[in-house]
2 protein chains.
Amino acid sequence: MDALETRELRYFIAVAEELHFGRAAERLGMAQPPLSRAIQRLERRLGVLLLDRDRHGVSLTGAGETLLHEGRAALDAVTAAARRTRRTGGADRPGGRRGRLVLAVKAGASHELLHKLLDAYAAEPGAAEIEVLPSGTCEQGEMLRDGRADVALMHKPFNSLAGFDSEELMTEGQIAVLPAGHPLAARKSLSLADVEDIPDLPLARWARHGAYRPGPGPEIHDQTQLAQLIALGRTVAVFPDSARAWLWAEHAAVPLVDAPPVVTHIAWPAHSRSVALAGLIRTATRL
Amino acid sequence: MDALETRELRYFIAVAEELHFGRAAERLGMAQPPLSRAIQRLERRLGVLLLDRDRHGVSLTGAGETLLHEGRAALDAVTAAARRTRRTGGADRPGGRRGRLVLAVKAGASHELLHKLLDAYAAEPGAAEIEVLPSGTCEQGEMLRDGRADVALMHKPFNSLAGFDSEELMTEGQIAVLPAGHPLAARKSLSLADVEDIPDLPLARWARHGAYRPGPGPEIHDQTQLAQLIALGRTVAVFPDSARAWLWAEHAAVPLVDAPPVVTHIAWPAHSRSVALAGLIRTATRL
DNA sequence: GCCCGGCCATACCCGGCGGGTATCAGCGAG
DNA sequence: CTCGCTGATACCCGCCGGGTATGGCCGGGC
């Protein structure tokens, strides 16, 4: 009655994302006719229309939208199960470490807290091996969901903690990072409004899921690149306090009085029941 | 490379729970040899030993434990996707309601808050149809996870909110419910220690997942049954304040000064993105 | 010590289903 | 009206999931 094989989910998601059977089939590395049949069978089995195929192409029905969202979550859970099982499996092999953990951290984020955490945990008796996995902009959540990571350092309000268990580790204010010579660099403090429209110094725009919000500032996908652009007096950026650690001589940092505080959490999938993970969390909350 | 079909997960979970290929096959309605092969294939594909088959029968390896936990979560996610898709699908049919929602509530819990919520929501413009689904003792979480429900009323500290988004709705104290004639019934207040060992009046024990904790008190699985046993002077029980609503003349309620407060939340799967659900949550938080 | 019974693995067979190619059918553009 | 695009249909094949029969291993009972 249920059935719903993961293959069918993969197929449907491909079609739902492409809204085009031919392209979806190509993406899946198969021919189009079997894909059409598979979707038809899926619709028959669920007793529900998932796609509207009319003259204007393919579009999602309400049920299709639901299955797209829920199916993505389900597929993530399945691949997470596979990945985590493979990881645990290595532990039984000769030479494998018991309870290896993958910790996702924002690439380029402050290393101070991370260092303290790793050092403190390594000192614990029976500590597991921790693999630190730098993640792209704000994708720690996806890595936890699809099993690439077991635990993550996440930063409110940039990451969403929805669906995870978490403990608060640290709160910090934010600073504006300006070119050292800029007039505003002499100020004791700034407000968000101040930095949002500095003449000839637009705010940098970070890549979010591969796309950029429209705006005047330069498009950034790398911290070094941003540091350089600031040093050259071409842009300004907002960072948590701990970013001071990597500032250059050509940079100036000014506290932002009204920027929302950045709260660093350690987060993990709610259903986790690993002793190694529990130990790491305990260590983290004691810092 | 990933593969991992849900059928294989079902198979493995059956074997992992039974720790016996024959019984697992019977439970799955199939013969034992194909099941053995499927598990072997699964192990080969994951590159990991999941089960130890030695002279003393079958036992789980570390990787097997991981796959059991993670696989259950993944299977729940898959069946949730199927169920929710079927539900949404009905909405497109003639006569079907748009955005039907299933709300899980603890069977026998206070109806006061629930009534207020349903009434207030029904008065909203464009309100969806709400199906109220009474759930067994504290299994609202499972119902959210496997898609039987879309949203639930949960009671801290009895339900775990881990993995869900939630909003707090109400906090109440707890009371001891005693036979009306009992000496302690005259007291203005009691402590937990007071009710835990009243001579000849043991605390009732609720069924938890079909089993009972060992203890002297009667085994309860039904509120009416408990009410009767209290009225007969055979037991005592602890309830949230709102339980006063259904007390009988033969019952006496005494506030417990040191019992943890019961906090009612409205909770939903973290990834939900339904307008009907959003409306219900908005209504609930405004109560 | 031997036999038996329980249990998982292996061997072998079959039918269905997943996937491929060729082709049709609707529809919009030119 | 025709052509091109796209999804559906028709038909075929090979593999895999599932069944039955049986083997190998081990532990317990007589």
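Quick caveat, the model's predicted, so the values are computed rather than measured. Just so we're on the same page: letters track the sequence lines, and every chain starts at 1.
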Report, one line per pair, each donor and acceptor closer than 3.5 Å where one atom sits in a side chain of residues 69-76 of chain A; sequence neighbours left out.
from, atom 1, to, atom 2, distance (Å)
A:Glu70, OE1, B:Arg84, NH1, 3.0
A:Glu70, OE2, B:Arg84, NH1, 3.4
A:Arg72, NE, A:Glu17, OE2, 3.2
A:Arg72, NH2, A:Glu17, OE2, 2.8

For A:Gln32, enumerate each residue passing the side chain to side chain donor-acceptor pair (under 3.5 Å) test, keeping only those at least two apart in sequence or located in another chain.
A:Ser36
Starting from P on D:dT6, measure out to CD1 on A:Ile39 and report it in whole angstrom.
17 Å
Looking at A:Arg10 and B:Glu5, is any side-chain nitrogen of the basic one under 4.0 Å from a carboxylate oxygen of the acidic one?
yes
Could you state the CG-C1' distance from B:Leu35 to C:dT10, rounded to the nearest angstrom?
15 Å
For the pair made of CD in A:Glu43 and C1' in D:dG7, what is the distance, rounded to whole Å?
12 Å
Could you list all N or O pairs between the protein and nucleotides 4-7 of chain C that sit under 3.5 Å apart?
from, atom 1, to, atom 2, distance (Å)
C:dC7, OP1, B:His20, NE2, 3.2
C:dC7, O5', B:His20, NE2, 3.3

Which residue lies toward the 5' end of DNA chain C, B:Leu19 or A:Glu8, if each is placed at its nearest nucleotide?
B:Leu19
For B:Asp165, the side-chain contact (heavy atoms from CB on, under 4.5 Å) test, sequence neighbours excluded, returns A:Ala162, B:Trp268, B:Ala270
Atom-to-atom span, CG of B:Leu42 to C1' of D:dC16 - whole angstrom:
15 Å
Rounded to the nearest 0.5 Å, how far does CG of A:Leu280 lie from CG of A:Leu118?
8.0 Å
I'd like to know if B:Glu65 and A:Arg273 make a salt bridge, using a cut-off of under 4.0 Å between side-chain N and carboxylate O.
no
Figure out the CD/P separation between A:Gln40 and C:dG18, and round it to whole Å.
13 Å
A:Glu26 CD to D:dG7 P, straight-line distance once rounded to whole Å
13 Å
Does CD in A:Glu26 sit with more than 12 non-hydrogen atoms of other residues, nucleotides or ligands closer than 6.0 Å?
no
Below 4.0 angstrom, N of the basic side chain to O of the carboxylate: do A:Glu139 and A:Lys106 qualify?
no
Measure from CG on B:Asp54 to C1' on D:dC26 and round the result to the nearest Å.
11 Å
I'd like to know if B:Arg53 and B:Glu43 make a salt bridge, using a cut-off of under 4.0 Å between side-chain N and carboxylate O.
yes
Output the distance between atom CE (B:Met143) and atom CZ (B:Arg148), rounded to the nearest 0.5 Å.
4.0 Å
Distance test, side-chain N/O of A:Ser36 to OP1/OP2 of D:dG7, below 4.0 Å:
no
Starting at CG of B:Asp52 and ending at C1' of D:dC26, how long is that distance when rounded to a whole Å?
17 Å
Is B:Asp150 paired with B:Arg87 through a side-chain N to carboxylate O contact shorter than 4.0 Å?
yes
All N/O pairs under 3.5 Å across the protein-nucleotides 26-29 of chain C interface:
none

For nucleotides 18-21 of chain D, tabulate all protein N/O to nucleotide N/O atom pairs closer than 3.5 Å, reporting atom names and distance.
from, atom 1, to, atom 2, distance (Å)
D:dG18, OP1, B:Tyr11, OH, 2.9
D:dG18, OP2, B:Tyr11, OH, 3.0
D:dG18, N7, B:Arg37, NH2, 2.3
D:dG18, O6, B:Arg37, NH1, 3.3
D:dG18, O6, B:Arg37, NH2, 3.4
D:dG19, OP2, B:Ala31, N, 2.9

